[in-house]
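What you are looking at is a predicted structure, and each value in this text was computed from that prediction instead of being measured.
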Amino acid sequence: MSPTETKPELQQWSVTEPFLHLHCGLGEGPYYEAATHSLRFVDIKKKRVHIVDLNNPNPETAVETIQLDTPVTVTADIEGVDPRDRIVIGAKYGIAALDRRTGKYEYIARFSADADNERLRSNDGAVDPHGRFWLGTMTDIGLDLQPEGSVFLFDGTRTARSMRHPVTIPNSVGWSPDARTLYFTHSTERTVFAFDYDRATGDVSNERVFYEHHGPGEPDGFRVDVEGNLWQAVYGESCVLKISPGGELVGEIRLPTKNVTCPQFVGTELFITTAGMQEGEGTTEEVELSGALFKVDVGVKGLDPFLFKLSKVVDPES
């Protein structure tokens with residue numbers, strides 16, 4: 001850029017009121033369930049899956065909640081399976097199939113083939129163009145945070161393959177519109193990495209820094225729109241950033257609470273989860289609105305998620 005050129009002004013949006021306030025301890029993992037026009041999201045601390053029927057004009061009466069006995073961190077649809085029956089979830093020890101009707105879950109594959117590591121739990125992840133589930137692990141809540149996690153790849157069988165170790169807070173995984181680039185956010189490094197993604201084999205290579213965050217917060221979850229922009233939530237900084245395919249900051253959504261965790265597109269609307277705050281951690285308004293779900297129209301659609309391919313050897317019903 002020459003000295004006479006100036007950067008274009010940032011696109012800006014401001015959200016002041018929640019769409020729905022369930023007072024989540026750690027709201028995360030929003031996912032659009034297209035089959036029912038519903039939004040799923042989780043509360044990792046309270047071990048809950050929430051499903052909001054977006055056909056219902058009153059969000060307060062549109063919520064179904066499934067209470068589990070394990071931290072649930074992310075969800076995805078299974079290819080060939082009605083999501084009203086079963087979905088796949090990230091759980092304490094690996095990925096599991098959750099029966100929506102009974103609230104029971106069964107592990108498909110664990111992170112460890114040996115003994116489970118009680119210090120770790122799953123965190124964020126996503127299904128790739130080949131139908132495999134990428135899922136990170138990190139120190140469980142209440143323990144001293146250490147760089148002891150990994151990013152695992154689940155191929156729909158009983159096995160998991162470690163793709164990156166060690167990591168401290170591995171966060172969202174996503175793909176460019178042409179599926180040639182994989183993005184991965186490592187929150188504690190305040191960095192979004194990019195990799196070449198081989199559409200034929202699913203192999204990844206050529207790791208590089210896509211975006212480095214220099215503000216006080218840490219990048220958390222993101223989604224990619226149809227134009228290739230990343231919409232990156234920043235935990236502790238009350239915002240979602242719009243980052244261009246070239247890695248430049250081009251827009252910002254301001255929210256009225258600090259701990260912004262992850263966005264999800266539903267049409268051109270972006271639904272945004274947040275985490276709870278304690279008294280004294282922010283202003284009265286920031287604390288009161290923490291853990292709420294927010295919504296804003298950003299004028300562009302997001303990419304559809306890929307479906308998890310569950311091996312019939314593991315699950316004959318799939």
Side-chain angles (χ1 to χ4, degrees), residues 22 24 26-44 46-56 62-112 116 121-137 152-161 172-174 221 223 262 264-266 271 273 293 302-318:
L22 298 180
C24 288
L26 180 49
E28 265 286 9
Y31 184 98
Y32 179 52
E33 187 177 290
T36 61
H37 189 48
S38 299
L39 183 82
R40 299 196 302 255
F41 63 102
V42 303
D43 187 336
I44 298 175
K46 296 181 181 179
K47 304 176 181 178
R48 294 170 179 168
V49 180
H50 298 296
I51 305 100
V52 185
D53 181 0
L54 299 177
N55 299 291
N56 187 331
V63 184
E64 170 196 354
T65 297
I66 302 173
Q67 179 69 57
L68 300 178
D69 62 358
T70 182
V72 55
T73 61
V74 66
T75 74
D77 287 354
I78 303 169
E79 185 176 70
V81 175
D82 188 329
R84 290 168 291 192
D85 294 331
R86 289 186 304 151
I87 57 175
V88 63
I89 62 171
K92 167 76 173 173
Y93 304 120
I95 59 169
L98 171 64
D99 187 317
R100 288 266 299 270
R101 302 188 187 281
T102 65
K104 304 296 183 183
Y105 64 92
E106 182 177 346
Y107 278 98
I108 298 166
R110 285 163 131 68
F111 296 120
S112 174
D116 294 320
R121 65 163 173 84
S122 65
N123 200 42
D124 205 352
V127 178
D128 71 14
H130 288 73
R132 306 171 303 180
F133 207 129
W134 295 71
L135 184 62
T137 61
F152 286 92
L153 181 59
F154 295 89
D155 64 2
T157 67
R158 295 287 186 195
T159 60
R161 179 158 53 114
S172 280
V173 180
R223 295 292 182 265
C262 194
Q264 173 61 50
F265 282 97
V266 177
F271 286 78
T273 52
L293 177 69
L303 296 177
D304 293 333
F306 300 106
L307 304 179
F308 181 58
K309 293 182 179 179
L310 187 53
S311 169
K312 290 191 181 297
V313 174
V314 172
D315 186 83
E317 295 180 49
S318 64

>> As a quick check of understanding, evaluate side-chain contact (heavy atoms from CB on, under 4.5 Å) for R132 and F308, giving each step before the final call.
In response: CA-CA 6 Å; R132 306 171 303 180; F308 181 58; 5.7 Å; no

>> If you apply the rule side-chain contact (heavy atoms from CB on, under 4.5 Å), what do you find for L98 with T75, and how did you get there?
In response: CA-CA 9 Å; L98 171 64; T75 74; over 6 Å; no

> side-chain contact (heavy atoms from CB on, under 4.5 Å) between V63 and L22: does it pass, once the steps are laid out?
Replying inline: CA-CA 10 Å; V63 184; L22 298 180; 4.0 Å; yes

> After noting the C-alpha distance and the side-chain angles of F154 and F111, does the key distance pass the ring pair (Phe, Tyr, Trp, His ring centres under 6.0 Å) rule?
Replying inline: CA-CA 9 Å; F154 295 89; F111 296 120; 5.7 Å; yes

> So L293 and L39, side-chain contact (heavy atoms from CB on, under 4.5 Å) or not? Walk me through it.
Replying inline: CA-CA 11 Å; L293 177 69; L39 183 82; 3.8 Å; yes

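E28 is not listed as a side-chain neighbour of T73, based on a closest heavy-atom distance of 4.5 Å or more. Proximity of D77 to Y31: side-chain heavy atoms (C-beta onward) are separated by under 4.5 Å at one or more points. The shortest side-chain heavy-atom distance between L54 and V52 falls under the 4.5 Å cut-off. Side-chain contact check for D128 versus V173: every heavy-atom pair is 4.5 Å or farther apart. Side chains of S38 and E64 form no contact here, defined as non-hydrogen atoms less than 4.5 Å apart. Contact check for P30 versus R223: side-chain heavy atoms found under the 4.5 Å cut-off. In this structure the side chain of D99 never reaches within 4.5 angstrom of the side chain of E106, judged on heavy atoms. You'll find the side chain of L310 stays beyond 4.5 Å of the side chain of V81, heavy atoms only.
Heavy-atom minimum distance, P71 versus R121: CB-CD, 4.2 Å. Minimum interatomic distance between F133 and G125 (heavy atoms only, all atoms of both residues): CE2-C, 4.0 Å. Summarising the geometry of C262 relative to S172, their closest heavy-atom pair is SG-OG, 4.3 Å, with the distance given to 0.1 Å. Between A62 and N56, the closest heavy-atom pair is CB-CB, 3.5 Å. Closest heavy-atom contact between R100 and R84: CB-O, 3.3 Å. The minimum heavy-atom distance between A91 and S122, with the atom names listed, is O-OG, 2.7 Å.
Below 30°, between 30° and 60°, or above 60°: for H50 and F41 the angle between ring planes is between 30° and 60°, a tilted geometry.
K47 has no carboxylate O lying under 4.0 Å from a charged side-chain N of D69, or vice versa, which leaves the two without a salt bridge.
Scanning for side chain to side chain donor-acceptor pair (under 3.5 Å) contacts around N55 gives D53, with sequence neighbours left out. Under the side chain to side chain contact (heavy atoms under 4.5 Å, CB included) criterion, A96 pairs with I89, Y105, Y107, sequence neighbours left out. Every residue meeting the side chain to side chain donor-acceptor pair (under 3.5 Å) condition with D116, not counting sequence neighbours, appears here in chain and number order: R110.
With rounding to the nearest 0.5 angstrom, the CD1 atom of I108 is 12.0 Å from the OG1 atom of T159. One finds the OG atom of S311 at 9.0 Å from the CZ atom of R158 (value rounded to the nearest 0.5 Å).
Exactly one residue among L135, V42, I44 makes a side-chain contact (heavy atoms from CB on, under 4.5 Å) with V74. That residue is L135.
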